[in-house]
Amino acid sequence: QVQIVESGGGLVQPGGSLRLSCAGSGSTFTANAMGWYRQAPGKQRELVAFISGGGTTNYADSVKARFTISRDNAKNTVYLQMNSLKPEDTAVYYCNVGGVYYPGMYYPNNYWGQGTQVTVSS
């Protein structure tokens, strides 16, 4: 059974930074594409960043140059480093593992974590 756990969220002031982690069990991560999503209150879940099994990264325009996705297959972990945070980044952030990857596109499957809350406020 696949288990995915996100962590690292919290309250941060505008301009601050957070690093989210997504840890998974077993061979879930090996060579699989992964994506970070977020969902703000009253809005649809949106794709923030994704990474291929080979390490190619893609970002939503709203976070480009501020967020960095990376992976450590030895630790079965994917990270989202978030810098220069803005109030509009406030959302619950979710990790998805093993979705369908094409260059420039990622389609999630049903393997989600429970989410971690990120709040950007002064």
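Note that the structure is a prediction, hence the values are computed from the model and not measured. Throughout, residue positions are numbered sequentially from 1 according to the sequence presented.
Under the 4.5 Å side-chain heavy-atom criterion for ILVMFWY residues, no single connected hydrophobic cluster contains both Leu80 and Tyr106. Linking ILVMFWY residues whenever their side-chain heavy atoms come closer than 4.5 Å, directly or via other members, leaves Tyr111 and Leu47 in distinct clusters. Under a hydrophobic-cluster definition in which Ile, Leu, Val, Met, Phe, Trp and Tyr are linked whenever side-chain heavy atoms come within less than 4.5 Å, directly or via other members, Val48 and Tyr59 are assigned to the same cluster. Phe50 is connected to Val92 through a chain of hydrophobic side-chain contacts under 4.5 Å among Ile, Leu, Val, Met, Phe, Trp and Tyr, so both are in one cluster. Note on Ile69: it does not cluster hydrophobically with Trp112, by side-chain heavy-atom contacts below 4.5 Å among ILVMFWY residues.
Grouping Ile, Leu, Val, Met, Phe, Trp and Tyr residues whose side-chain heavy atoms lie under 4.5 Å apart, directly or via other members, places Tyr102 in a hydrophobic cluster with Val100, Met105, Tyr107.
Side chain of Thr90 to main chain of Val120: a donor-acceptor pair is present (N/O by atom type, distance under 3.5 Å, no hydrogens or angles). In this structure, Ser62 contributes its side chain and Ala60 its backbone to no donor-acceptor pair below 3.5 Å. In this structure, Arg71 contributes its side chain and Val78 its backbone to no donor-acceptor pair below 3.5 Å. Panel note: side chain Tyr37, backbone Ala49; no donor-acceptor pair is recorded below 3.5 Å.
Tested against Met82, the residues Thr68, Val63, Val118, Asp89 include a single side-chain contact (heavy atoms from CB on, under 4.5 Å) partner, Val118.
Inter-residue side-chain proximity for Trp36 and Glu6 is flagged as met; some heavy-atom pair is nearer than 4.5 Å. Between Cys22 and Val5 there is no side-chain heavy-atom pair separated by less than 4.5 Å.
Applying the side-chain contact (heavy atoms from CB on, under 4.5 Å) rule to Lys43 yields the partners Ala40; only residues at least two apart in sequence or on another chain are considered. Among residues two or more places apart in sequence or in another chain, the side-chain hydrogen bond (donor to acceptor under 3.5 Å, both in side chains) test is passed with Glu46 by Arg38. Partners of Asn110 under the side-chain hydrogen bond (donor to acceptor under 3.5 Å, both in side chains) rule, at least two apart in sequence or in another chain, do not exist in this structure. Applying the side-chain hydrogen bond (donor to acceptor under 3.5 Å, both in side chains) rule to Tyr94 yields no partners; only residues at least two apart in sequence or on another chain are considered. Arg45 pairs by the salt bridge (charged side-chain N to carboxylate O under 4.0 Å, His left out) definition with nothing, not counting sequence neighbours. In this view, Asn58 satisfies the side-chain hydrogen bond (donor to acceptor under 3.5 Å, both in side chains) rule with no residue, not counting sequence neighbours. For Ser70, the side-chain contact (heavy atoms from CB on, under 4.5 Å) test picks out Tyr79, with sequence neighbours left out.
Tyr101 and Asn32 share no side-chain donor-acceptor pair at under 3.5 Å.
To the nearest 0.5 angstrom, Thr77 atom OG1 is 11.5 Å from Ile4 atom CD1. A distance of 11.0 Å separates CD of Gln39 from CD of Gln117, quoted to the nearest 0.5 Å.
For the salt bridge (Lys or Arg N to Asp or Glu O under 4.0 Å) condition, no pair includes a residue of residues 91-105, sequence neighbours left out.
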Below 3.5 Å, can you tabulate the donor-acceptor pairs from side chains in residues 8-21 to any protein atom, sequence neighbours excluded?
unit_1: Ser17; atom_1: OG; unit_2: Asn83; atom_2: OD1; d: 2.9

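More than 12 heavy-atom neighbours from other residues, nucleotides or ligands sit within 6.0 angstrom of CD on Glu88.
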